[in-house]
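Values below: every heavy atom of this structure, side chains too, minus hydrogens, waters and symmetry copies. Just so it is clear: chains get the letters A, B, ... in the order the sequence lines come, proteins before strands, and each one is counted from 1.
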There are 2 protein chains.
Amino acid sequence: MNVKILPLNASEYALLGFLKAGPCHGYELHRKLTEPDGAGMIWGIKISNMYAQLDKLERRGLISGRLLENEQRPARTQYSLTAAGKQLFEEWLHQPVRHPRDFRHFFFLQLFFLSQYEPEALDSLVERQLELCQAWQQNLLAARESSSNSIDFADLTNRFRHSQIQSMIDWLFWIKSEKIKIKPK
Amino acid sequence: MNVKILPLNASEYALLGFLKAGPCHGYELHRKLTEPDGAGMIWGIKISNMYAQLDKLERRGLISGRLLENEQRPARTQYSLTAAGKQLFEEWLHQPVRHPRDFRHFFFLQLFFLSQYEPEALDSLVERQLELCQAWQQNLLAARESSSNSIDFADLTNRFRHSQIQSMIDWLFWIKSEKIKIKPK
DNA sequence: TTTACCTATTCAATTAGTGAATATTCATCC
DNA sequence: GGATGAATATTCACTAATTGAATAGGTAAA
C-alpha cells in the first residue's frame, strides 16, 4: 500500500475549511471557493478540477460523501469532514507557513478561516508568522556575499527576496498594530 | 490542426535563451538551467521534464534537433534555435511582464539574459517595468473600498498586493539609481 | 576488474487541468 | 401552455505536466 502522503494544496485545505462549517455538496462548495470577496480573491479553480479534488480527499479519508436522492433537485453528493480531516485542518490552520512562496496562498487562507472560526487565535498566528519571516530575513542577510563593486545575479535575487519579505513583515505589523478586526464575510 | 498557442513558461524561455548562445544538447542545457548561481536561483526543473519541454518546443517549431552519433560519448541530440524561436525569444526578452505573478519568474530571467546578450537594453526594460508596476499600484488604490472602521478580506489582499508591488518598485529603483552593472556569470 | 559515478536520454505511470456533455429544475416570455 | 434559456449538479474524455526509474555507454579510481 505505502500511501505516499502528498501535501494538500490551498484549494484542498479550503474545501476542508468550508466543510468544517457543516456538510455540503460540490456545487455549493465551488461557489464558496470562488466567491469574489472570499477565497476567490486568492486563486481560481475550475469546477471539474474541484470535483477531482473532492475525490482525492475522499480517497485519503479526509472527507466522506453520501448521495442524496429523492429530492426536488438533481442528485447530489453531500460531503462531510471525517475526524481525520478535521484534525488535519485544525493542525494546518494554526501553523505559520514555512516558506515564503506559500505565504500568498496558505497564510491568507488561514487568516480567512481563523477570522471565521477562531478569531481569538489570529494574534498568535500573526505573531508566530512574523517571527518566521524575520528568520527568513536573517538567512538572506547571512547569505549575502562579501560586498564587491559589481553585482551578480545572486545579489539581485537576494535583494529582491529580502524586500519581498520585508513587505510581508510590514503588512503583518500593520495587521497587528492596528488591532485589526477582520470582518467575517 | 488548429494549434492552440499555449504561452511558454519560464523554463521554456530559458531554453530558448541558452540556445541563442549556440547549439546545445539536453544534458548540458539542464546543467545551465539549474546552475546554482544562474537560472537555478529562480526555479528548479527535473531533467525528464526538461526533455519533454524540448520536445514541445521542437513540435512548435521554435527549436530543431539533430542526432549526433559517431562520437566518444553516448549519442546526443543537438538542438538549435530556429528563426521562429529566435524571434519569439527576442520579442519576449524586451517586453516587461504584464502581471505581478510573473515578475519573479519572467522578469528575473529577462534580466539574466539581457545582462548577457544586450546589457545596453537593461535600463530601458527596467524603466518600462517600473511604469507598469506603478500602474498596478494605481489600480489597487482605485479598487480600495471607501474606508470603514472594519477591515474585510478584500482590504487585506489589496493592502498585501500593494505592499508587494511597492517592494518591486523599490527594488527596481535600487537597480536603476545605483546604475548597477550586472556581472555576467 | 569491480565499483561507482558521470554522461545522455527515454519510458511508463501518475497527477493535474480543461472543455464539453449530461440531465434536471426553475423562471420568464409570448 | 409551451418554448427558451439560465441555474443546478456532476461526470467524462482528453491533454498536459510531472515524476521516478530504466537504459546504456564512458571514465576514474581502488
Side-chain angles (χ1 to χ4, degrees), chain A residues 1-15 18-19 23-36 40 43-60 62-80 101 105, chain B residues 1-15 18-19 23-35 43-60 62-80 101 105:
Chain A
M1 297 292 108
N2 194 345
V3 177
K4 189 160 149 202
I5 306 286
L6 297 169
L8 301 186
N9 63 31
S11 52
E12 289 160 345
Y13 279 114
L15 287 170
F18 285 120
L19 285 173
C24 193
H25 57 97
Y27 195 80
E28 177 68 17
L29 282 168
H30 185 256
R31 206 177 311 132
K32 297 183 182 198
L33 229 37
T34 54
E35 217 163 9
W43 24 240
I45 182 172
K46 296 278 162 75
I47 193 162
S48 45
N49 194 4
M50 189 214 64
Y51 276 103
Q53 294 184 340
L54 286 172
D55 286 348
K56 177 180 158 192
L57 292 174
E58 186 167 30
R59 281 196 310 276
R60 289 198 36 191
L62 301 172
I63 65 177
S64 74
R66 73 192 180 92
L67 196 65
L68 301 183
E69 284 170 299
N70 202 14
E71 297 190 22
Q72 272 85 329
R73 328 209 111 275
R76 45 196 198 182
T77 303
Q78 190 182 57
Y79 289 96
S80 342
R101 71 170 147 256
H105 282 5
Chain B
M1 301 292 114
N2 198 343
V3 177
K4 189 161 150 201
I5 306 287
L6 298 168
L8 301 186
N9 63 31
S11 52
E12 289 159 346
Y13 279 113
L15 287 170
F18 284 120
L19 285 173
C24 195
H25 57 98
Y27 195 81
E28 176 67 18
L29 282 168
H30 185 255
R31 206 176 311 135
K32 296 182 182 198
L33 228 37
T34 54
E35 216 162 11
W43 25 240
I45 182 171
K46 297 276 163 74
I47 194 163
S48 47
N49 194 6
M50 188 214 65
Y51 277 103
Q53 294 184 340
L54 285 172
D55 286 349
K56 177 180 157 192
L57 292 174
E58 186 167 30
R59 281 197 310 276
R60 290 197 37 189
L62 301 172
I63 65 178
S64 72
R66 74 193 179 93
L67 196 66
L68 301 184
E69 283 169 299
N70 201 13
E71 297 191 22
Q72 272 85 328
R73 330 209 111 272
R76 45 197 199 183
T77 304
Q78 189 182 59
Y79 290 96
S80 342
R101 71 172 147 255
H105 282 5

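- Distance A:Leu68 CG to C:dT24 P: 17 Å, rounded to the nearest Å.
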Can you list the steps and then say if A:Leu8 with A:Arg60 is a side-chain contact (heavy atoms from CB on, under 4.5 Å)?
CA-CA 11 Å; A:Leu8 301 186; A:Arg60 289 198 36 191; 3.5 Å; yes

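- Among the heavy atoms of the strands lying under 4.0 Å from B:Ile47 is at least one base atom, whether or not backbone atoms are also near.
- Atom NE2 in A:His25 sits about 13 Å away from atom P in D:dT11, given to the nearest Å.
- If you measure from atom OH of B:Tyr27 to atom P of D:dT27, you get 14 Å, rounded to the nearest angstrom.
- In this entry the distance linking CZ of A:Arg31 with P of D:dT10 reads 11 Å, nearest Å.
- A donor N or O paired with an acceptor N or O is not found under 3.5 Å between the base of C:dG17 and the side-chain atoms of A:Ser48.
- Across the protein-nucleic acid pair, B:Asn9 atom CG and C:dG17 atom C1' stand 15 Å apart, rounded to whole Å.
- Remark: side-chain polar atoms of A:His30 are paired, donor with acceptor, to backbone N or O of A:Ile45 under 3.5 angstrom.
- Within the 4.0 Å cut-off from OP1 or OP2 of D:dG20, at least one side-chain nitrogen or oxygen of B:Lys46 is found.
- Contacts of B:His30 with the nucleic acid, taken as non-hydrogen atoms under 4.0 Å apart, are absent.
- One finds no salt bridge joining B:Lys32 and B:Glu35 here, because no Lys/Arg side-chain nitrogen approaches an Asp/Glu carboxylate oxygen to under 4.0 Å.
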